[in-house]
Amino acid sequence: MSASPYVHDLNPVIWQFTDSIALRWYGVAYLLGFIAGYFLLSWLSRRKLYPVPQERLADFVTYVAIFGVLFGGRLGYVFFYHIPNHGWAQFLADPFVILRVWEGGMASHGGMIGVGLYTFYYAWKHHVKWVALLDGLAIVAPVGLFFGRMANFINGELYGRIVPPGSSQGMIFPGELAQDPDLFMQVASRIYGEPGLLDKMYLSGISVPEQMNAAWVADRVRDTPAVKEIVAQVMEGHARYPSQLYEAFAEGVVLFAILWFIRVKFPRAWNGVFCGVFAIVYAIGRIVCEEFREPDSPFSMGMTRGQFLSVFLIFVGLAFLVYAFKTRKTVQDCVFYDPAEKSAADEEKKSA
């Protein structure tokens, strides 16, 4: 007999300060990604493998994180997923949905566009090669992607498709109850019908709402074994692939290993090679993993939204590789230009 599938019972909250303020794994994942990215770029900068000087790196990474990753990722989610799913009318009626990041929703493709736009401005301001800036970020980005996907898994979101009968890879994600009213009603009926269960929870200090909802059930899976058992029994035929872990491995571990190996093994690799490899390998990994992931947006030309966007990313990667072959410039050819230092030097010349 095959073992019962694991029922996801991880808590997305690390520490609850108030009813509305909490420290969550999702936020910590982004923070860890930015910190790791800074130290990796610092290592490259000290070895003349990145054009941003060491003393300018902290500010650069901070602005990339805010204006590129966070703004770009959120806007990408709204325009690539929220509006296609809910329509322009709902968005225009409530445009402040863009700001409600605590409700979840970040798009990796949007983050890539945001990073590209910010680094283009930064490259123009400092007269440094835009592609050289992007190359370094491409190398460290998989670390952030890894932490992000692990946070998705802890949150029990972006889960996979239902596994075939007999598969040992399936996991039960109680978050599905919020998307499937019929399934939720089956679970709720079992909880209400279990003799004395609600009374025991009340006596143990667990608040029992007048009207049960999916979020309450998901919370009880974490602290009430009887509820966890009911969910496991009712949702036994809904075991799903842990696609978040597949994506963490493909987009994080594998992609970072390939890019870091090339950077260290070939220090004079042409500018654009890393952007090209990142875009193509990421796109292939995303397309493959999307076959296991439950689609979270309407299909486009027979593909999920993530696959559809990744096809374009492959062409972007090829364009970067063509650029690298044609220019054959390396990061060692880049010179960082600081307008503030130039102004100070001009003033010294004038005073002299």
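Computed over heavy atoms, backbone and side chain alike; hydrogens, waters and symmetry mates excluded.
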Q. Counting only N and O atoms by type, is there a donor-acceptor contact under 3.5 Å from the side chain of N271 to the main-chain atoms of V131?
A. no
Q: May I ask you to check whether T327 and W270 show a side-chain donor-acceptor distance below 3.5 Å?
A: no
Q: Please check if the distance between the ring centroids of H8 and Y159 is under 6.0 Å.
A: no
**Q.** Atom pair CE/CZ of M171 and F173 - distance to nearest 0.5 Å
**A.** 6.0 Å
**Q.** Value rounded to 0.5 Å, distance of CZ in R268 from CG in L49
**A.** 10.0 Å
Q. With a 4.5 Å limit on heavy-atom distance, are the side chains of T119 and F60 in contact?
A. yes
**Q.** Any R240 side-chain heavy atom under 4.5 Å of E176 side chain
**A.** yes
(Q) Hydrophobic cluster membership, with links at side-chain heavy-atom distances under 4.5 Å among I/L/V/M/F/W/Y: are F17 and V13 in one? (A) no
Q) Under a 4.5 Å cut-off applied to non-hydrogen side-chain atoms, are D219 and I206 in contact? A) no
Q: Tell me whether F120 is reachable from F274 by hopping between hydrophobic residues (I, L, V, M, F, W, Y) whose side-chain heavy atoms are closer than 4.5 Å.
A: yes
**Q.** Beyond-backbone contact of Y30 with L70, side-chain heavy atoms, under 4.5 angstrom
**A.** yes
(Q) With a 6.0 Å cut-off (strictly less than), is the heavy-atom count around OH of Y6, excluding the residue itself, greater than 12? (A) yes
Q | Whether over 12 other heavy atoms sit under 6.0 Å from F249 CZ | A | no
Q) Say you draw a straight line from CD1 of I191 to CE of M212; how long is it, rounded to the nearest 0.5 Å? A) 4.5 Å
Q. For G285 and A250, which heavy atoms make the closest approach, and how far apart are they?
A. CA-CB, 4.4 Å
Q | Contact check, side chains of I287 and I314, non-hydrogen atoms, under 4.5 Å | A | yes
Q: Output, in order, the C-alpha distance, side-chain angles, deciding distance and verdict of side chain to side chain contact (heavy atoms under 4.5 Å, CB included) for Y50 and L57.
A: CA-CA 10 Å; Y50 198 59; L57 203 54; 4.2 Å; yes
**Q.** A215 backbone acceptor or donor facing N213 side chain under 3.5 Å
**A.** yes
Q.
Rounded at 0.5 Å granularity, tell me how far CZ in F278 sits from CD1 in I139.
A. 11.0 Å
Q.
Please check this pair: side chain of R190 against backbone of Q186, looking for a donor-acceptor N/O pair closer than 3.5 Å.
A. no
Q) Shortest non-hydrogen contact from T304 to R161? A) CG2-NH2, 3.8 Å
Q) Are side-chain heavy atoms of F320 and V273 found at a separation under 4.5 Å? A) no
Q: Could you please spell out the steps behind the side chain to side chain donor-acceptor pair (under 3.5 Å) verdict for S42 and Q54?
A: CA-CA 6 Å; S42 178; Q54 187 76 16; 2.4 Å; yes
Q | Backbone N/O of V140 and side chain of W260: donor-acceptor pair under 3.5 Å | A | no
Q: Report the C-alpha separation of L177 and M235 in whole Å, then their side-chain angles, then the decisive distance to 0.1 Å, and conclude whether the side chain to side chain contact (heavy atoms under 4.5 Å, CB included) test is met.
A: CA-CA 9 Å; L177 295 174; M235 298 183 66; 3.8 Å; yes
Q: Kindly say whether P267 contributes a backbone atom to a donor-acceptor pair with the side chain of Q332 at under 3.5 angstrom?
A: yes
Q.
Ignoring hydrogens and geometry beyond distance, is a side-chain donor-acceptor pair present between Y246 and Q169 at under 3.5 Å?
A. yes
Q) Considering the options W124, Y122, W130, which one meets the ring pair (Phe, Tyr, Trp, His ring centres under 6.0 Å) requirement together with H126? A) Y122
**Q.** R24 vs I154 side-chain heavy atoms within contact, under 4.5 Å
**A.** no
Q. With distance as the sole test, does S45 use its side chain to make a donor-acceptor pair with the main-chain N or O of L41 at under 3.5 Å?
A. no
Q) Going only through I, L, V, M, F, W and Y residues with side-chain contacts under 4.5 Å, is there a path from V311 to I280? A) yes
Q.
Looking at every heavy atom in both A138 and P142, which two are closest together, and how far apart are they?
A. O-CD, 3.1 Å
Q. Which atom pair, heavy atoms only, marks the closest approach of H238 to D180?
A. CE1-OD2, 4.2 Å
Q) Does some side-chain heavy atom of F80 sit less than 4.5 Å from a side-chain heavy atom of I113? A) yes
Q: Return the minimal non-hydrogen interatomic distance between S310 and A283, and the atom names on each side.
A: O-CB, 3.3 Å
Q) Any link between L133 and F34 through a network of hydrophobic side chains (Ile, Leu, Val, Met, Phe, Trp, Tyr) touching at under 4.5 Å? A) yes
**Q.** R293 vs Q244, side chain to side chain donor-acceptor pair (under 3.5 Å): CA-CA, chis, key distance, verdict
**A.** CA-CA 8 Å; R293 174 173 162 177; Q244 314 97 320; over 6 Å; no
Q | Nearest-0.5 Å distance that lies between atom CD in Q307 and atom CZ in R305 | A | 12.0 Å
Q.
Ring-plane angle category for F261 and F266, please: parallel below 30°, perpendicular beyond 60°, tilted otherwise.
A. perpendicular
Q. If you take all heavy atoms of A269 and R263, which pair is closest and at what distance?
A. N-NH2, 3.9 Å
Q.
Could you see if L158 belongs to whatever hydrophobic cluster contains Y77? Use Ile, Leu, Val, Met, Phe, Trp, Tyr and a side-chain cutoff under 4.5 Å.
A. no
Q) Counting only heavy atoms not in K228, do more than 12 sit closer than 6.0 Å to its NZ atom? A) yes
Q.
I'd like to know if the side chain of D199 reaches the main chain of G196, judged simply by a donor and an acceptor atom lying under 3.5 Å from each other, with no hydrogens or angles considered.
A. no
Q: Evaluate the side chain to side chain contact (heavy atoms under 4.5 Å, CB included) criterion for residues L313 and M112: first the C-alpha distance (whole Å), next the side-chain angles of each, then the deciding distance (0.1 Å), finally the verdict.
A: CA-CA 10 Å; L313 200 56; M112 292 175 197; 3.9 Å; yes
(Q) Could you check whether any side-chain N or O of T224 sits under 3.5 Å from a backbone N or O of V221, counting only pairs where one atom can act as donor and the other as acceptor? (A) no
Q: I would like to know whether V227 and V187 meet side chain to side chain contact (heavy atoms under 4.5 Å, CB included); could you show each step before the answer?
A: CA-CA 9 Å; V227 173; V187 171; 5.7 Å; no
**Q.** Reported CG-to-CG distance for the pair L40 and L137, which is rounded to 0.5 angstrom
**A.** 11.5 Å
Q.
Quick test of your reading of the model: are E290 and R286 salt-bridged, counting only N-O distances below 4.0 Å?
A. yes
**Q.** R56 with D59: basic N within carboxylate O range, under 4.0 Å
**A.** no
Q) Any sub-3.5 Å donor-acceptor pair from S204's side-chain atoms to M201's backbone N or O? A) yes
Q: Inspect the surroundings of CD in Q90 and state if more than 12 heavy atoms from other residues, nucleotides or ligands are less than 6.0 Å away.
A: yes
Q: Would you confirm whether R149, through its side chain, and F146, through its main-chain N or O, come within 3.5 Å as a donor-acceptor pair?
A: no
